[in-house]
Amino acid sequence: MTTGAEQSGSDDRSTRPLDALMAERRAKRDALAAAGIDPYPARFDRTDLASDVRRRFTDLGPDARTGVEVAMAGRITARRGHGKLVFLSLSDRSGPIQLLVQVGELDARSAAVLEACDLGDWMGVTGEVVTSRRGELSVGVRTLVLLSKAVRPLPDKWHGLSEADTRYRQRELDLLANPETRRIFDIRFATIAAMRRALVDDHFVEVETPILQAQAGGAIARPFVTHANALDVDLRLRIAPEIYLKRLVVGGYERVFEVARNFRNEGLSTRHNPEFTALEAYQAFGDVATGMELTERLVLAAADAACGRRTFATRNGDVDLTPPWPRRELLDLLAEALGRPVHPSQPVGALAAVCREHDVEVDDAWGPGKLVFELYDKVLLPTLLGPVLVCGFPVEVSPLARHRPDDPVLTDRFELVVDGREYANGYSELNIPEEQAERFRFEVEAAERGDPEAHPADLAFVRSLEYGLPPTAGIGIGIDRLVMLLAEVDAIRDVILFPMLRPEVAQG
RNA sequence: GCGCCUCUAGCUCAACGGCAGAGCAACGGACUCUUAAUCCGCAGGUUCCGGGUUCGAAUCCCGGGGGGCGCACCA
């Protein structure tokens, strides 16, 4: 609960305009209370939403009466007074509807509520569904009940709220003032719901795994560190749920998924928020092809359910998500882009030279696989409009993926690329315990050479593999970025309700 | 982290070295068919904060803070 502390300033501040505006609103509320009208009633029984009424009465002419009584509730968003006739706009979660109030016909309590009404107040109304003389569907108000007073004035009803800082810090205000914001988040939550439904229908079990972990694994990123007082140990916030999910497959959950909030202690940008949401799913007895099909299905389910269409505008043109998406070999695409073949079995020196030719920065500690990946990431990826499933990543940058039987320096791993960005990632899971242990040893060596992003060795995971992980397909889909694509917005902050910001400083 | 931009009334924006203004919201009034209602009237300011230059600073300079964009890191 918020206290009124910020209003308790000294006398010279009480004359500021905001204080005056709020004092007026409080005074109206208090006047109603003094007249025996509860300004904060506990309950209101609604019969219809605005959209229900709109759907039900589509073809009424002007000045119609229906004889249908409704009880509706929402926020007052506009007021157009004509003396003894007042039009109000009432907006509920389904949208707006007009209220038509003939002041002379109200009972005394309702008249007092109307008198004290401000834009932004929550109001309950009862009355008959009618149309105005101009034909606008309306509720001919019989009673008006104040449900909650907005003592703080709301943003401009026409221009809304535009300042980005305020929109992110006070998202509730953004949501109530800007319909476009609500549209974006409706897409977000419909996307998650659709994917969840598709997985559950396909016999996947939704599970929960630890966010506080002794070791942050399953991806390559810097973790947040926190402390558990009871155990007196430092813990890390998870950077990916992958390791635990595969341990559940070992335990017999053959199909699992988690909508996982991940935390990475890295920079903020248009495309990065330190906490973000990924969907990870694991399916026993499947391989990389299974993962690609599953990714295709889930993204399509989201697009269909959240948007009802499959073509979306991006910075670089429209993309059509209609399946099947092309499957392309990473090395084939790279050879086309570079005009010569490259392969992680080539000498480091030769690959580093190719990197320099294309202005890709090179670190001496990098092996050939990392260099090939860098060429992909910096030279090829930005040019791919997609959707395309790029397959065959170097084993050196894929410590948890199964290597290819016919080429042990590559893995059966894919990424989904759209508009030059990665949206999903998946592979045939590495399930040979000795090989996983060897991969971890390689990572530890990298760490000892000074690589801050090496994957930590996870002996509990290796032990788990020793009990037997069936052949398994695993995928991860970046939910925030997918929603950016589906909602056609450019900033990750526009698809996260409360993005990370510097803490608000108290204004002196 | 570096560079560029930005911060003025509750909200949206003007004024860009010379009296801080408008629209919406508010307040007082008129109005029984509006829907960005209209009309008349009235009120509302720590120009993000702190310093400096100047006869004079919202405006120019320095420092600080918040935010945005780009680059870097990453998904």
Side-chain angles (χ1 to χ4, degrees), chain A residues 9 12-13 15-25 27-28 62-63 77-90 96-105 118-120 130-138 140 150-170 173-174 177-178 218-222 239-240 262-278 361 377-378 381 415-417 421-425 452-453 476-482 484 490-494 499 501-508:
Chain A
D12 57 326
R13 301 220 156 197
T15 57
R16 285 172 8 187
L18 175 58
D19 290 333
L21 292 172
M22 294 184 66
E24 281 165 5
R25 288 176 175 235
K28 290 180 192 171
D63 227 356
T77 50
R79 177 183 180 130
R80 299 174 290 278
H82 288 265
K84 296 289 177 249
L85 177 69
V86 177
F87 297 98
L88 301 170
S89 296
L90 182 81
I97 192 156
Q98 175 165 277
L99 307 180
L100 190 160
V101 187
Q102 291 179 289
V103 180
E105 297 180 10
D118 281 304
L119 295 187
V130 300
T131 60
S132 69
R133 206 166 287 166
R134 290 286 178 85
E136 175 82 12
L137 187 63
S138 309
V151 295
R152 189 178 284 273
L154 272 49
D156 187 290
K157 66 184 176 189
W158 182 245
H159 298 97
L161 179 68
S162 73
E163 194 179 54
D165 185 28
T166 310
R167 289 184 47 228
Y168 298 143
R169 287 189 196 280
Q170 296 179 246
L173 202 56
D174 185 28
N178 298 326
I220 292 173
R222 288 184 211 166
I239 57 174
N262 296 328
F263 305 85
R264 299 189 182 177
N265 206 343
E266 292 163 353
L268 291 78
S269 79
T270 313
R271 287 167 292 283
H272 300 87
N273 194 62
E275 55 180 297
F276 66 100
T277 303
E361 283 189 39
D377 205 47
K378 300 292 193 301
L381 185 66
E415 286 189 352
L416 166 62
V417 177
R421 296 174 183 170
E422 179 199 339
Y423 283 79
N425 179 18
E453 296 185 331
I477 300 176
I479 297 295
D480 310 278
R481 289 186 176 179
L482 178 60
M484 288 168 67
D490 294 324
I492 198 168
R493 286 179 168 183
D494 289 327
L501 296 175
R502 199 170 292 279
E504 199 167 1
V505 285
Q507 290 295 331

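Chain A is the first sequence line, chain B the second, and so forth, proteins listed ahead of strands; every chain is numbered from 1.
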Participant: Please report the closest heavy-atom contact between P62(A) and T131(A), naming both atoms and the distance.
Facilitator: C-OG1, 3.4 Å
Participant: With centres under 5.5 Å and planes under 30° as the test, does F276(A) stack with A75(B)?
Facilitator: yes
Participant: Only counting residues at least two apart or in another chain, list the ones meeting side chain to side chain donor-acceptor pair (under 3.5 Å) with E136(A).
Facilitator: none
Participant: Base, sugar-phosphate, or nothing: which does G267(A) touch, judged by heavy atoms less than 4.0 Å apart?
Facilitator: base
Participant: Looking only at atom C1', what distance separates C49(B) and G66(B), rounded to whole Å?
Facilitator: 11 Å
Participant: Which residues pass the ring-ring contact (aromatic ring centres under 6.0 Å, His included) test with H82(A), sequence neighbours left out?
Facilitator: F87(A)
Participant: What residues form a side chain to side chain contact (heavy atoms under 4.5 Å, CB included) with D156(A), not counting sequence neighbours?
Facilitator: W158(A), H159(A)
Participant: With heavy atoms under 4.0 Å as the rule, sort E422(A) into base, sugar-phosphate or nothing.
Facilitator: sugar-phosphate
Participant: Expressed as a whole number of Å, how far does the P atom of C13(B) sit from that of G51(B)?
Facilitator: 30 Å
Participant: Output the rounded distance in Å from CG (D165(A)) to P (G66(B)).
Facilitator: 10 Å
Participant: In whole angstrom, give the distance that lies between atom CD of E163(A) and atom P of G67(B).
Facilitator: 11 Å
Participant: Got a second to check how far M484(A)'s CE is from R271(A)'s CZ, nearest 0.5 Å?
Facilitator: 7.0 Å
Participant: Could D494(A) and R167(A) be called an ion pair, given the rule that one side-chain N must be under 4.0 Å from one carboxylate O?
Facilitator: yes
Participant: What integer distance in Å separates L18(A):CG from A9(B):C1'?
Facilitator: 10 Å
Participant: Separation of I220(A) atom CD1 from A75(B) atom C1', in whole Å?
Facilitator: 12 Å
Participant: Checking D165(A) now: which residues fulfil side chain to side chain donor-acceptor pair (under 3.5 Å) with it, not counting sequence neighbours?
Facilitator: R169(A)
Participant: Quick test: give all pairs of protein nitrogen or oxygen and nucleotides 1-5 of chain B nitrogen or oxygen below 3.5 Å, distance rounded to 0.1 Å.
Facilitator:
none

Participant: Could you grab the distance from atom OG1 of T166(A) to atom CG of D174(A), nearest 0.5 Å is fine?
Facilitator: 9.5 Å
Participant: Return the 5'-most residue of the pair E361(A), G135(A) with respect to RNA chain B, ranking by each residue's nearest nucleotide.
Facilitator: G135(A)
Participant: If the condition is side chain to side chain donor-acceptor pair (under 3.5 Å), which residues does T270(A) pass it with, not counting sequence neighbours?
Facilitator: none
Participant: Rounded to whole angstroms, how far apart are CG on L119(A) and P on C27(B)?
Facilitator: 9 Å
Participant: Once you apply a heavy-atom cut-off of 4.0 Å, does T270(A) come out as touching a base, just sugar-phosphate, or nothing?
Facilitator: sugar-phosphate
Participant: Taking only the C1' atom of each, what is the distance from G64(B) to G21(B) in whole angstrom?
Facilitator: 30 Å
Participant: Just call it for N273(A): base, sugar-phosphate, or nothing, with non-hydrogen atoms closer than 4.0 Å on any strand.
Facilitator: base
Participant: Both atom distances under 3.5 Å, Watson-Crick or G-U wobble: I'd like the secondary structure of RNA chain B as a dot-bracket string, with | for pairs made across strands.
Facilitator: (((((((..((((....[..))))..((((.......))))......(((((..]....))))))))))))....
Participant: For atom C1', what is the distance between U12(B) and C7(B), given to the nearest Å?
Facilitator: 14 Å
Participant: Not counting sequence neighbours, which residues clear ring-ring contact (aromatic ring centres under 6.0 Å, His included) with F276(A)? List them please.
Facilitator: none
Participant: Which value, in whole Å, describes the distance between the P atoms of nucleotides G1(B) and A58(B)?
Facilitator: 32 Å
Participant: What does Y168(A) touch in the nucleic acid at a heavy-atom separation under 4.0 angstrom: a base, only the sugar-phosphate, or nothing?
Facilitator: sugar-phosphate
Participant: Expressed as a whole number of angstroms, how long is the span from R80(A):CZ to U32(B):C1'?
Facilitator: 14 Å
Participant: Rounded to the Å, how far apart are I239(A) CD1 and A75(B) P?
Facilitator: 9 Å
Participant: Taking only residues two or more places apart in sequence, or in another chain, which ones meet T77(A) in a side chain to side chain donor-acceptor pair (under 3.5 Å)?
Facilitator: S91(A)
Participant: Looking at G10(B), does its base get a donor-acceptor pair with the side chain of D156(A) below 3.5 Å?
Facilitator: no
Participant: Please figure out whether Q102(A) or K28(A) has its closest RNA chain B nucleotide nearer the 5' end.
Facilitator: K28(A)
Participant: Rounding to an integer number of angstrom, what distance separates U38(B) and A26(B) when you compare their P atoms?
Facilitator: 13 Å
Participant: Figure out the CZ/C1' separation between R79(A) and U35(B), and round it to whole Å.
Facilitator: 15 Å
Participant: On a whole-Å scale, what distance lies between the P atoms belonging to C61(B) and C5(B)?
Facilitator: 10 Å
Participant: Give me the distance, rounded to whole Å, that separates U6(B) from C48(B) when you measure between the P atoms they each carry.
Facilitator: 13 Å
Participant: Counting just side-chain N and O atoms, does K157(A) come under 4.0 Å of either OP1 or OP2 of C24(B)?
Facilitator: no
Participant: OP1 or OP2 of U12(B) sitting under 4.0 Å from any side-chain N/O of S162(A)?
Facilitator: yes
